[in-house]
There are 2 protein chains.
Amino acid sequence: MKYIEKLRNSGLRPTKQRLQICEVLFDTEKTFHFTINNLANKIKKQLNNKISLATIYNTVHAFEKKGYLKQIPINSNQTYFDTNVSDHHHFYDLKEEKLIDLDNSDVGPINILKKVNGKKIKSIEVLVKLED
Amino acid sequence: MKYIEKLRNSGLRPTKQRLQICEVLFDTEKTFHFTINNLANKIKKQLNNKISLATIYNTVHAFEKKGYLKQIPINSNQTYFDTNVSDHHHFYDLKEEKLIDLDNSDVGPINILKKVNGKKIKSIEVLVKLED
DNA sequence: ACACTTATTTAGAATGGTTATAAACTAGAT
DNA sequence: ATCTAGTTTATAACCATTCTAAATAAGTGT
Ligand SMILES: [Mn+2]
Ligand SMILES: [Mn+2]
Ligand SMILES: [Zn+2]
Ligand SMILES: [Zn+2]
């Protein structure tokens, strides 16, 4: 399996559950945005065996910490994650409650002129809300 | 009282509770960021009478809907609000878990090149995460 | 293959921010 | 003063997320 090495190199044991979650998350043509609930449903459909919700939470957080997933800052009752971990931004369609990727090239270069004493910039994220 | 008209014009009855919350939120030199929990504590300290948590939630949401407060898109277990309703952006200090305003002039002009069929841009919000 | 250690999975309980409920109260209108 | 719709309130319910602790599985050494 192609994810075994990736997991081992990250200090994560390549368990059956993690490998299956990898398939659901990363064996896709395109990257996508999801909530834990979305992911649990997708897993239920695609896989024959059950993975407990606790494991899904654990795995998503482990992958996020290792940089294989990104959390998207957005106000929702559920946390949104992104399998696209490159630097990029988002449209948020308020009516559809859907995220749409904005490549860095779709947003002009962003220059932060203000500095904060002793802190450095870790990330810059742009959220563009859309209405009809 | 200076908030009575403002509330009436918004179709909100100027109740004692709403007027007091207005004072706590808007009778300040500087604008600030808060969670409902923050606000409830501030109210407890500044006021002699009690305002129920339900009323604080109701009022904050009513004010948000009327445009007197802004919700800040950020990943936290609590929702953050802003008494600064002008177009502006934020630093988020990951260690201190604090928001810092970024004026529009602190961020170069942002030009969104991508368009979405039949949708128009409602807002553009930049979140700059800070680490040590 | 076996024993041993440590990581992981799991069901279910607990947590906690937020929202819903429905009864008491109040502002504004007549 | 009376009426009506809006508001406040205590409390319950909701529900995404985290915690717990016991069972299971992976890795390591022999
Ligand atoms: Mn996380
Ligand atoms: Mn709201
Ligand atoms: Zn994305
Ligand atoms: Zn602000």
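The chains referred to below are lettered A, B, ... by the order of the sequence lines, with proteins before strands, and numbering in each begins at 1.
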Scan for salt bridge (Lys or Arg N to Asp or Glu O under 4.0 Å) pairs involving residues 26-47 of chain B, sequence neighbours excluded, and state none if there are none. B:Lys2-B:Asp27
Heavy-atom check, side chain of B:His89 versus side chain of B:Asp106, under 4.5 Å: no
DNA chain D contacts made by residues 59-68 of chain A, counting heavy atoms under 4.0 Å: A:His61
Can you sort out the partners of B:Gln20 under side-chain contact (heavy atoms from CB on, under 4.5 Å), two or more places apart, ordered by chain and number? B:Lys16, B:Leu47, B:Asn49, B:Ile51
Taking only the side-chain nitrogens and oxygens of B:Thr15, find out if one of them lies under 4.0 Å from OP1 or OP2 of D:dT7. no
Would you please confirm or rule out a distance under 4.0 Å between OP1 or OP2 of C:dT26 and any side-chain N or O of B:Gln17? no
Not counting sequence neighbours, which residues clear side-chain hydrogen bond (donor to acceptor under 3.5 Å, both in side chains) with B:Thr31? List them please. none
Flag side-chain contact, heavy atom, 4.5 Å: A:Leu113 against A:Asn111: yes
Spacing between B:Asn38 atom CG and C:dT18 atom P, to the nearest angstrom: 11 Å
Would you indicate whether the side-chain heavy atoms of B:Glu97 and B:Gln78 approach each other to under 4.5 Å? no
Under the rule for side-chain contact (heavy atoms from CB on, under 4.5 Å), what residues qualify as partners of B:Ile112, not counting sequence neighbours? A:Phe91, A:Leu102, A:Val107, A:Val128, B:Ile110, B:Ile121, B:Ile124
By the side chain to side chain donor-acceptor pair (under 3.5 Å) test, which pairs, at least two apart or in different chains, include something from residues 123-132 of chain B? A:Lys119-B:Asp132, A:Glu125-B:Lys129, A:Lys129-B:Glu125, B:Lys95-B:Asp132, B:Ser123-B:Glu125
With five pairs defining each end axis, the helix from C:dA1-D:dT30 to C:dT30-D:dA1 comes out bent, to 10°, by 30°
Protein N or O to nucleotides 10-16 of chain D N or O, pairs below 3.5 Å:
| unit_1 | atom_1 | unit_2 | atom_2 | d |
| --- | --- | --- | --- | --- |
| D:dA10 | OP2 | B:Lys50 | NZ | 3.3 |

So which residues get pulled into B:Leu99's cluster when ILVMFWY side chains under 4.5 Å apart are joined, directly or through others? B:Ile72, B:Ile74, B:Tyr80, B:Tyr92, B:Leu94, B:Leu127
So, using side-chain contact (heavy atoms from CB on, under 4.5 Å) as the criterion, who are the partners of B:Asn38 when residues are at least two apart? B:Phe34, B:Thr35
Presence of B:Arg8 side-chain N/O under 4.0 Å of C:dA27 phosphate oxygens OP1/OP2: no
So A:His33 and A:Asp101, do their side chains get closer than 4.5 Å, heavy atoms only? yes
Write out a two-atom table: protein N or O, nucleotide N or O from nucleotides 4-6 of chain D, distance below 3.5 Å.
| unit_1 | atom_1 | unit_2 | atom_2 | d |
| --- | --- | --- | --- | --- |
| D:dG6 | O4' | B:Arg13 | NH1 | 3.4 |
| D:dG6 | O4' | B:Arg13 | NH2 | 3.3 |

Quick one, B:Asp82 and B:His90 - any side-chain contact, counting heavy atoms below 4.5 Å? yes
May I have all residue pairs that pass side chain to side chain donor-acceptor pair (under 3.5 Å) and include part of residues 56-69 of chain A, sequence neighbours excluded? A:Ser10-A:Tyr68
